[in-house]
Number of protein chains: 4
Amino acid sequence: MLNRVVLIGRLTRDPELRYTPNGVAVTTFTLAVDRPYTNQQGQREADFINIVTWRGLAETCANYLKKGRLTAAEGRLQIRNYENNEGRKVYVSEIVADNVRFLESTQGQGNQGNYGNDYQGNDQQGNYQQQGQGQYQSQGQKSNFNDDPFASDGKPIDISDDDLPF
Amino acid sequence: MLNRVVLIGRLTRDPELRYTPNGVAVTTFTLAVDRPYTNQQGQREADFINIVTWRGLAETCANYLKKGRLTAAEGRLQIRNYENNEGRKVYVSEIVADNVRFLESTQGQGNQGNYGNDYQGNDQQGNYQQQGQGQYQSQGQKSNFNDDPFASDGKPIDISDDDLPF
Amino acid sequence: MLNRVVLIGRLTRDPELRYTPNGVAVTTFTLAVDRPYTNQQGQREADFINIVTWRGLAETCANYLKKGRLTAAEGRLQIRNYENNEGRKVYVSEIVADNVRFLESTQGQGNQGNYGNDYQGNDQQGNYQQQGQGQYQSQGQKSNFNDDPFASDGKPIDISDDDLPF
Amino acid sequence: MLNRVVLIGRLTRDPELRYTPNGVAVTTFTLAVDRPYTNQQGQREADFINIVTWRGLAETCANYLKKGRLTAAEGRLQIRNYENNEGRKVYVSEIVADNVRFLESTQGQGNQGNYGNDYQGNDQQGNYQQQGQGQYQSQGQKSNFNDDPFASDGKPIDISDDDLPF
DNA sequence: TTTT
DNA sequence: TTTT
């Protein structure tokens, strides 16, 4: 009935942009989110949390996120399950994000040091809130993937147009 | 760095209270959280989200929650992994809750109908916010269970005193 | 850049539905949200938090919420300011909600007692998530009201069509 | 019953650290949080949201936050009211934060440019989660200030030891 | 399989 | 009274 998640963490690697057979953009990435305590060895562990974004937000994320970037994501926690090669049910949890904030500018060559004053550029570079018709709309979808979108295999993701949850 | 989840859903079955070898209470339950859209068949699907609570909150949850109850849970999303019998890594996601709200009173025999004015009673019955020293404390823990606390097998959970994340 | 609020509380009185000159529905209500501690006198204080909803969600709230109902609201915290009669700046804070959940059924005459199994009915009765084109859209708005929408005076709220934040 | 806020924004000025007569640290600051849309004039407005932190977290914030810094804050929304000089009731809303994250390093002298790899230093510099005994504890408090803690006047804040909400 |  |  209510399902809200807010995370801040760093990308464990570059985001992956794929398209459904019908051309809908899907970007996935993983955030390493430090736990609020250190373990027996005095190390800070992290949770590695999968994020999925769709459509415009997916494209913005693919364009502006990079491995290591500090990033905020907001959305709902979804638990999917699918059968693996051996016919076993595997459970996958992921955040379906409708809001992603880029907390570090692109710092690319030539941008070192003046992090303080490129806010506007930063914003133009893609902080983006999912909106508009259909975000959580519901005509004819099935939200179960046939495969794990985080199992990157170079092929288009196995999901038909009617499979989109929005 | 920041990891916050708020859920409202219904218990899929009665909560399970167990104790670590050192006597620390752990209660687990699963919330069915309806998705905000209906699928192709016009049905509302749900995510089944595992919740873990510790110590005092665990005992309160065990006492006052029941299958079917509407419940709010607040905490952080944790991704654990363990090896199953076949030596495969299995990933488990769960909410480590520090705040649980009982949105329905116990309505047991004799309490039907006046849900509207037993709010205070409701509160006495155990809405509870995890607090006090050590909630997210960090002296010597290892947060990986050796087994899945949601795989209820009647035995005490396989976790030593030093294994507690708080 | 990111602004998310989740509340659970009870309506302090019936919601108020009004319309802008251009016919856009606005419903306001106040949630009493108990604080997580008791005060010196052993009493539990509460925060009284104003909620604003727009359009379809406004109408659903007006139809299904009533004084005393346990309710969840999700949205963003907004701080407006206006000048009062004496030319003083007054600050008003409110939650612009995009998701409201009715945690108690209408229990009206004849519905007492079976709260446990009318979940689906409950949902039909109006739990509602703001969606669709324009939720946070931005063509031509000014988000400052000229007066406090919570100062109920029986007149249509003083806000022109162009004043809508979405 | 449940009251959770997560914000990301920038400090409108340096934080202010004060002490209660009994020596409890209180730090206040204001975050400018951009709204998710632009107004009629194409400008992005912001909400200016007051944050209060207590004890250890207050001291860390005073040490490491500065005007302009991008910052995340998590806590609960509190609505206080007090009487002003003219005997009028004034309402004040603020976030009582129990978790603050410093999203930009101190970049002070000698630290320009390598924002990417000073994470650990950053963390040592004070990201801090309120914890431990008493955070939301409740023996004998009164949460109404006699004055506005955001009305900085150089004097110690007018709040007795027993007045602390935790 | 992981980020800083 | 406001930040970038």
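Residue numbering restarts at 1 for every chain, and letters A, B, ... go by the order of the sequence lines.
- Summarising the geometry, the separation between CG on Leu103(D) and P on dT4(F) is reported as 15 Å, rounded to the nearest angstrom.
- Rounded to an integer number of Å, the gap from CZ of Arg101(D) to C1' of dT4(E) is 14 Å.
- Residues passing the side-chain contact (heavy atoms from CB on, under 4.5 Å) test with Ala25(A), sequence neighbours excluded: Leu17(A), Tyr19(A), Ala58(A), Glu59(A).
- Here the side chain of Arg80(D) pairs no donor or acceptor atom with the backbone of Glu94(D) at under 3.5 angstrom.
- Comparing dT2(E), dT4(E), dT3(F) against the side chain of Phe48(A) picks out dT2(E) as the nearest.
- Comparing dT3(F), dT2(E), dT2(F) by their closest approach to the side chain of Arg13(D) singles out dT2(F).
- The side chain of Lys67(A) has dT3(E) as its nearest neighbour among dT3(E), dT3(F), dT2(E).
- Among the atoms of the strands shown, only primed sugar atoms or phosphate atoms (P, OP1, OP2) are found under 4.0 Å from some heavy atom of Gly68(A).
- For Glu74(A), the side chain to side chain donor-acceptor pair (under 3.5 Å) partners two or more places apart in sequence, or in a different chain, are Arg4(A), Asn99(A), Arg4(C).
- Atoms CG (Asn50(D)) and P (dT3(F)) sit 15 Å apart, rounded to a whole Å.
- Atom-to-atom, CD of Glu104(D) to C1' of dT4(E) comes out at 16 Å; the value is rounded to the nearest Å.
- Comparing dT4(F), dT3(E), dT2(E) by their nearest atom to the side chain of Thr30(A) picks out dT2(E).
- Computed from coordinates, the Ile49(A) CD1 to dT2(E) C1' distance equals 13 Å when rounded to whole Å.
- Rounded to a whole Å, the CD1 atom of Ile79(B) is 15 Å from the C1' atom of dT3(E).
- In this structure a side-chain-to-backbone donor-acceptor pair under 3.5 Å is present from Arg44(D) to Arg35(D).
- Taking only side-chain atoms of Ala46(D), from C-beta outward, the nucleotide of dT2(F), dT2(E), dT3(F) with the closest atom is dT3(F).
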